[in-house]
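A quick write-up on the structure given underneath.
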Amino acid sequence: MSSYTATATYPWHTELEQYRTLAAEAGPAPADGWNRERKLALVQQIVNAYTKIQDMNGAIIDPYSGIERYYSTPAYAMAAAVLVDVGHMELLDSASAALSQSIDAVVNGSAPDNHPDFFPVLMMRAYMLLRPHRPEQAAIWAEALQTIDPESDYVFTMSKMNNANRMINWNAIMISGEYLRWSEQLASEDKAWMDRYLGAYHLPRFTALGLYQDGPLDRPNCPFSYDIATRYHLEVMLDAGYEGKVADALRERLRHGAFSSLLMLSPLGEIPPRGRSSQHQWNEAAAAYVCSVHAKLALQAGDSVIAGAFARAANRCFEAVERWLMPDGRLKIVRNEYAPENRHGYEIYTNHTCYNLWTAAALAHACLCDPDEDIAPFYLPSEIGSRVLRADGWFETILSSVPGQQMVLHTALNDPYTIPGLVRIQQAGLPGLIGPSAASHMQAGFTEFAEGVVRPLSYCPAWKTIDGVWHSLAEGIPSGSDYDRDAGINPASGGGSIVCKLEAQRAEMVEASRLNNNAENAFEITWTGPLPGIQSVSTRYVQRADELTVTYEVEGEIEAVGALIPLMFCDGEEQAVITQTEQSVRTVYRGAYVESTVQDAGAVIQLDQQEVASRNGLLKQARMEVYGAQQLTFTVRLGLN
């Protein structure tokens with residue numbers, strides 16, 4: 001059997017190969033109930049919910065603002081066209097009208113909310129699928145599509161902006177669609193201009209792990225959402241046959257990025273939270289496409305194990321989205337149960353209709369390359385073995401997993417939108433939000449909340465300085481400049497540093513990991529100042545499937561050492577039950593629990609009744625306190641109640 005591999009320069013090459021060995025030894029995973037038919041049924045439910053609000057011109061009208069928004073209409077056209085292609089002819093008229101409306105919007109410069117850059121990949125795929133069913137109308141579409149001039153008709157181009165820092169995800173998304181237009185012989189220019197953009201502005205943004213750093217080149221703000229969205233669109237371009245000057249370099253980066261996505265995917269099928277647009281359903285929809293493409297590529301390379309891993313990963317991504325389906329076929333587009341009109345956890349640009357339909361389009365794209373039953377699924381990396389992964393570039397994230405459980409830590413000290421500390425614990429078989437699923441923020445940034453105060457809260461060290469004031473690592477350090485939510489913060493601003501030390505695994509630990517039993521990770525992170533009143537703080541984590549043990553040690557003159565414990569409180573629909581004893585605090589939510597227990601004699605636990613805004617709803621804070629000490633240890637257990 002041949003292997004679908006990463007190059008030797010891939011930073012997680014060893015972890016990938018160790019995983020491959022474990023997965024091969026474990027053999028195929030049990031069937032998970034997902035196939036192409038079920039995936040298309042999910043797309044159909046979303047599409048059908050919006051067919052009802054299409055106007056006579058073909059536009060999809062957002063029920064909350066009463067107008068067409070962003071790229072809802074071309075996303076609808078594309079998703080509906082995929083359904084037409086598999087026999088849902090009742091959608092042919094609707095999909096065709098939406099495509100006509102979308103093409104007119106780009107040609108006439110009337111794209112809603114000035115977002116034409118997102119149109120081409122959606123409307124070109126719809127055109128390609130609908131053309132056989134409407135050949136006469138397709139001739140009219142083609143004539144209009146031939147009139148598009150990328151430099152003048154789109155927004156994020158150098159002729160419009162003359163700024164390399166602004167050639168971000170918008171530009172890459174536009175290019176992917178423009179390649180489809182060129183491949184259909186509807187573009188007057190050759191593809192050399194695409195090569196120039198890709199080589200000059202997009203390849204430099206990739207890390208060695210194949211992660212795309214969105215934002216200004218001098219300080220990318222690196223949301224995982226825009227990493228996966230950009231790679232999704234560039235994958236569309238390669239899958240469609242792009243073989244330009246940078247094709248080989250792009251292919252290698254995207255392959256590395258796909259391996260990184262596979263290794264980072266939680267057992268519940270979610271990508272890590274970080275930055276804006278985190279925990280929007282389209283994150284996992286884009287990941288579903290990336291995993292589907294690489295399942296197909298690995299299968300073509302003769303690698304049944306990696307093909308099966310990517311296939312299972314794609315299925316888990318579909319499942320992560322389906323979990324938030326409402327009875328009428330629409331999605332809760334952010335992972336909470338608030339009514340859409342409350343916009344809790346939405347970004348200022350988040351639109352319910354657009355992000356439902358963009359999610360449907362990405363899932364539909366995944367269906368187009370779904371290998372279905374040609375591949376036997378293999379266990380995910382987060383389901384088998386144990387590993388600690390540190391993201392490169394400016395993603396500033398550490399992921400640690402033992403079989404069936406993954407935790408995510410952020411390390412940035414000066415980004416008020418992505419605070420430091422342990423921000424997510426997810427475990428197979430438990431509700432995704434219980435861990436909880438994300439931290440809060442120092443500043444709201446782009447995010448809107450229906451209720452709750454905005455203040456930093458994660459699992460992190462706290463300390464009481466000799467002036468009697470409590471501080472926490474989640475507060476970070478001042479950057480010395482105003483926070484720019486578009487540009488982010490330079491990680492070097494304000495001082496401070498981090499050292500991560502992964503403890504050498506004993507031979508018996510490695511063997512236990514191979515047997516998928518009693519696997520363990522142990523690692524330490526040290527943050528240094530300028531932190532209020534102290535020189536540094538060290539955090540040590542020992543992660544086992546049944547228990548996480550955390551030790552904090554503070555260097556400096558302090559009155560007490562503490563630990564902040566974030567508690568899931570309310571998802572907008574169901575409220576958790578929080579109970580407290582002298583040594584522990586416990587959250588019971590949707591049939592599961594998380595319990596944190598302090599191990600130090602004489603410790604006290606303070607439970608704050610203030611409700612803290614989170615993208616998932618509301619959190620509450622407990623603080624463990626030990627006076628006259630520099631060190632504190634606590635454990636975290638999760639399970640079914």
Side-chain angles (χ1 to χ4, degrees), residues 58 70-71 73-75 77-78 81 95-112 114-164 166-203 230 232-251 361 365 368:
Y70 297 101
Y71 35 95
T73 302
M78 188 267 163
S96 299
L99 177 56
S100 295
Q101 171 75 3
S102 301
I103 294 173
D104 288 347
V106 174
V107 171
N108 298 328
S110 59
N114 200 28
H115 272 60
D117 303 50
F118 293 79
F119 279 53
V121 69
L122 298 166
M123 62 188 188
M124 283 306 307
R125 186 64 78 190
Y127 164 80
M128 293 159 69
L129 292 169
L130 295 175
R131 177 177 52 197
H133 303 284
R134 287 285 172 83
E136 293 183 4
Q137 190 170 11
I140 299 172
W141 290 332
E143 184 178 358
L145 288 166
Q146 286 176 312
T147 68
I148 294 173
D149 177 4
E151 289 291 338
S152 61
D153 290 333
Y154 300 118
V155 176
F156 277 67
T157 62
M158 285 299 285
S159 61
K160 291 278 187 70
M161 293 191 169
N162 194 29
N163 183 349
R166 300 302 287 163
M167 297 303 103
I168 55 172
N169 69 87
W170 284 50
N171 181 262
I173 290 169
M174 175 270 287
I175 289 172
S176 69
E178 280 298 302
Y179 177 78
L180 295 182
R181 192 169 70 94
W182 177 86
S183 69
E184 290 295 308
Q185 300 180 331
L186 299 176
S188 56
E189 291 188 53
D190 62 23
K191 61 181 186 297
W193 69 273
M194 303 178 201
D195 296 338
R196 290 195 300 271
Y197 271 103
L198 292 169
Y201 308 121
H202 296 296
L203 286 182
T230 307
Y232 154 52
H233 284 90
L234 294 175
E235 293 280 13
V236 169
M237 187 174 179
L238 280 182
D239 193 52
Y242 170 73
E243 288 295 344
K245 288 184 178 179
V246 299
D248 288 341
L250 184 59
R251 188 174 292 111
H365 237 137
L368 289 177

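Counting begins at 1 with the first residue of the sequence.
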Got a sec: does the CG of Asn108 have more than 12 other heavy atoms crowding it under 6.0 Å? yes
Of Trp193, Tyr242, Tyr197, which meets ring-ring contact (aromatic ring centres under 6.0 Å, His included) against Tyr179? Tyr242
Could you check whether Asn171 and His202, counting side-chain N and O atoms only, form a donor-acceptor pair closer than 3.5 Å? yes
Shortest non-hydrogen contact between Thr230 and Ala172, atoms and distance: CG2-CB, 3.7 Å
Report yes if the side chains of Tyr154 and Ser159 come closer than 4.5 Å at any heavy-atom pair, otherwise no. no
For Lys245, look at atom NZ and say whether over 12 heavy atoms of other residues, nucleotides or ligands are found less than 6.0 Å away. no
Shortest non-hydrogen contact from Met123 toward Pro74: N-CB, 4.5 Å
Taking atom CE of Met174 and atom NE2 of His115, what is their separation to the nearest 0.5 Å? 14.0 Å
Separation between OH of Tyr201 and CD1 of Ile168, rounded to the nearest 0.5 Å: 14.0 Å
Atom CG of Asp117 and atom CG of Asp153: how far apart are they, to the nearest 0.5 Å? 10.0 Å
Could you report the tightest heavy-atom contact between Phe119 and Ala105, atom names first, then the distance? CE2-CB, 4.0 Å
How long is the span from the CD1 atom in Ile175 to the CG atom in Leu198, to the nearest 0.5 Å? 4.5 Å
Above 12 or not: heavy atoms from other molecules or residues under 6.0 Å from CD of Glu143? no
Evaluate the side-chain proximity of Pro120 to Arg181: yes if any heavy-atom separation is below 4.5 Å, no if none is. no
Non-hydrogen side-chain atoms of Met161 and Met167 separated by less than 4.5 Å: yes
Distance-minimising heavy-atom pair for Ala81 and Ala126: CB-CA, 3.9 Å
If you look only at pairs with a residue in residues 127-146, which of them pass as a ring pair (Phe, Tyr, Trp, His ring centres under 6.0 Å), with sequence neighbours excluded? none
Looking at side-chain heavy atoms only, is the closest gap between Pro116 and Val155 below 4.5 Å? yes
List the atom of Arg134, the atom of Ser96, and the distance in Å for their closest heavy-atom pair. NH1-OG, 3.5 Å
Identify whether the distance between the nearest side-chain nitrogen and carboxylate oxygen of Glu243 and Arg251 falls below 4.0 Å. yes
Give me the atom names and distance for the closest heavy-atom approach of Ile173 to Ser176. O-OG, 2.7 Å
To the nearest 0.5 Å, how far apart are CD in Gln146 and CD in Gln185? 9.5 Å
Do Leu99 and Met78 come close enough that some side-chain heavy atom pair is under 4.5 Å? no
Do the rings of Phe118 and Tyr71 sit parallel, tilted or perpendicular, given the 30° and 60° boundaries? parallel
Taking the side chain as everything from C-beta on, heavy atoms only, tell me whether Gln137 gets closer than 4.5 Å to Leu130. no
Within a strict 4.5 Å, meaning less than it, do heavy atoms of the Val236 and Arg125 side chains meet? yes
Any chance you could measure Lys191, atom NZ, to Glu178, atom CD, to the nearest 0.5 Å? 14.0 Å
For Met124 and Leu145, run side-chain contact (heavy atoms from CB on, under 4.5 Å): C-alpha distance rounded to whole Å, both residues' side-chain angles, the deciding distance at 0.1 Å, then the answer. CA-CA 9 Å; Met124 283 306 307; Leu145 288 166; 3.8 Å; yes
